[in-house]
Amino acid sequence: MKRTIIATLAILVVATAAQAGRADDFEFAQGLMDRKFYDLAKEQFERIVNDSGRSGEEQAAGELGLALLLKAQAADARSDSKKTPEEILALFMAAEGRFDKFLGNYPSHSKRDLARFEVGSLLHSKGLFLRDQIEKYPDKAGEYRTLAEDAFDAAIDLFKESAEILEEKAEEDEALLWPAARTRFYELAANYDKGMIYAEGSAERQGILKKTSTMCEAFIWENEDNLFGGYAYMYWGLVHKGLDEPDRAIEYLVTCADMPLPDLATDGARSYNVWSNLFMQAYYKLSEY
């Protein structure tokens, strides 16, 4: 039965690939990756890279796809109990190397802004993984904390620089306002997550979380009515939880949880679902606290 299912999937993939235009090959491979058909995605990205009939821009996009694939595999490995922390860190390092190759070799590629954001996301994920190891392996806490600091600092710098570039470009192209806001949000999220690698009540945690609180307030001022503004309210609550300020923590978590849901009929299922997911997270954090 299992072999029949795999064979059927393979036939469907080949048929879909045959129908897809060359311009859509990157998106097709990315779709395979998103559905965790990693071997098939790798095959498609490598086909793009090795196709001499393609433009240099297209072949470079295939290189970026291989980096994104390694990033996805590293993220999945975080929950793989069969792998050691060192094996998982090696996957993160491999993905970083692929991204560095792309950014170094293609300084003017159209997907460069996407690549920079994805590197920041990779490093953020690496920092979160290392934060978990601090708690699991107290005897190696110092080593893992140092590595986490480096990962979070690099992610924060990338998000900040990328946001500044996008904000400048958005003056001529308003379509970039959304990715700019997204990048700013991830900058403040990475600051919060860095603060939480330090001991409760420590000067390091207090200093970073107070800075993050200021970032949340400024971000919400500009984005109060969009999804990232909603997430920023949740993080603002978590920041004050980390600072042991329960009244403000509960206030901002309640504000997030009580924001109005989009109308399913007029705004569509996707908008309704992403906002619902935010509210469920906020309610969970609130009840947990």
Side-chain angles (χ1 to χ4, degrees), residues 78-79 85 120-121 123-160 163 181-260 274-289:
R78 284 178 53 189
S79 58
S121 177
L123 292 165
H124 188 184
S125 180
K126 179 181 178 181
L128 290 171
F129 169 71
L130 287 161
R131 190 179 73 183
D132 292 341
Q133 307 317 299
I134 293 170
E135 298 175 3
K136 288 174 65 175
Y137 302 101
D139 57 319
K140 301 184 73 173
E143 175 188 346
Y144 287 137
R145 184 174 289 109
T146 298
L147 292 173
E149 287 172 336
D150 291 343
F152 283 128
D153 285 343
I156 291 164
D157 287 345
L158 265 172
F159 287 139
K160 182 179 180 180
R182 177 186 67 169
T183 308
R184 281 292 182 196
F185 168 74
Y186 274 92
E187 180 191 354
L188 75 84
N191 268 279
Y192 164 77
D193 288 320
K194 180 187 175 185
M196 296 304 289
I197 68 175
Y198 300 105
E200 185 176 351
S202 65
E204 293 91 346
R205 177 183 285 198
Q206 294 284 314
I208 294 172
L209 293 187
K210 286 178 180 177
K211 175 185 176 182
T212 309
S213 177
T214 301
M215 293 173 70
C216 288
E217 184 173 15
F219 184 86
I220 289 168
W221 181 259
E222 298 289 338
N223 298 275
E224 187 169 17
D225 295 329
N226 66 46
L227 182 66
F228 290 121
Y231 271 100
Y233 263 118
M234 185 175 75
Y235 269 83
W236 208 8
L238 295 176
V239 163
H240 287 288
K241 177 184 175 184
L243 289 169
D244 194 24
E245 297 173 354
D247 289 344
R248 296 187 71 184
I250 292 171
E251 175 187 351
Y252 297 136
L253 287 172
V254 167
T255 299
C256 177
D258 284 351
M259 294 176 78
V274 295
W275 279 91
S276 296
N277 183 57
L278 166 61
F279 299 152
M280 285 190 288
Q281 289 185 57
Y283 275 116
Y284 174 78
K285 297 294 183 183
L286 189 60
S287 63
E288 182 183 49
Y289 194 29

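Quick note: numbers below take in every heavy atom, side chains included, and nothing from hydrogens, waters or symmetry partners. Predicted model only: the values in this text are computed from it and were never measured.
Listed by chain and number, the residues in a side chain to side chain donor-acceptor pair (under 3.5 Å) with E143 amount to none (sequence neighbours excluded). Checked against side chain to side chain donor-acceptor pair (under 3.5 Å), Q206 has no partners two or more places apart in sequence or in another chain. Residues passing the side chain to side chain donor-acceptor pair (under 3.5 Å) test with N226, sequence neighbours excluded: N223. Every residue two or more places apart in sequence or in another chain was checked for a ring-ring contact (aromatic ring centres under 6.0 Å, His included) with Y144, and none qualifies. With sequence neighbours excluded, the residues that form a side chain to side chain contact (heavy atoms under 4.5 Å, CB included) with L286 are I250, L253, V254. Remark: F279 engages W275 in a ring-ring contact (aromatic ring centres under 6.0 Å, His included) (not counting sequence neighbours). For E224, the side chain to side chain donor-acceptor pair (under 3.5 Å) partners two or more places apart in sequence, or in a different chain, are Y233. Applying the salt bridge (Lys or Arg N to Asp or Glu O under 4.0 Å) rule to K241 yields the partners E288; only residues at least two apart in sequence or on another chain are considered.
The local environment of OH in Y284 is sparse, with at most 12 non-hydrogen atoms from other residues, nucleotides or ligands closer than 6.0 Å. Surrounding OH of Y186 are at most 12 heavy atoms belonging to other residues, nucleotides or ligands under 6.0 Å away.
For residues 247-258, the set of pairs meeting the salt bridge (Lys or Arg N to Asp or Glu O under 4.0 Å) definition, not counting sequence neighbours, is empty. Judged as a salt bridge (Lys or Arg N to Asp or Glu O under 4.0 Å), not a single pair has a partner in residues 198-210 (not counting sequence neighbours).
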Could you list the donor-acceptor pairs under 3.5 angstrom formed by side chains in residues 146-159, with sequence neighbours left out?
| from | atom 1 | to | atom 2 | distance (Å) |
| --- | --- | --- | --- | --- |
| T146 | OG1 | G142 | O | 3.1 |
| E149 | OE2 | Y198 | OH | 2.5 |
| D153 | OD1 | K194 | NZ | 2.7 |

Report all side-chain donor-acceptor pairs from residues 128-138 shorter than 3.5 Å, counting only partners two or more places apart or in another chain.
| from | atom 1 | to | atom 2 | distance (Å) |
| --- | --- | --- | --- | --- |
| R131 | NH1 | D193 | OD1 | 3.1 |
| Q133 | NE2 | F129 | O | 3.1 |

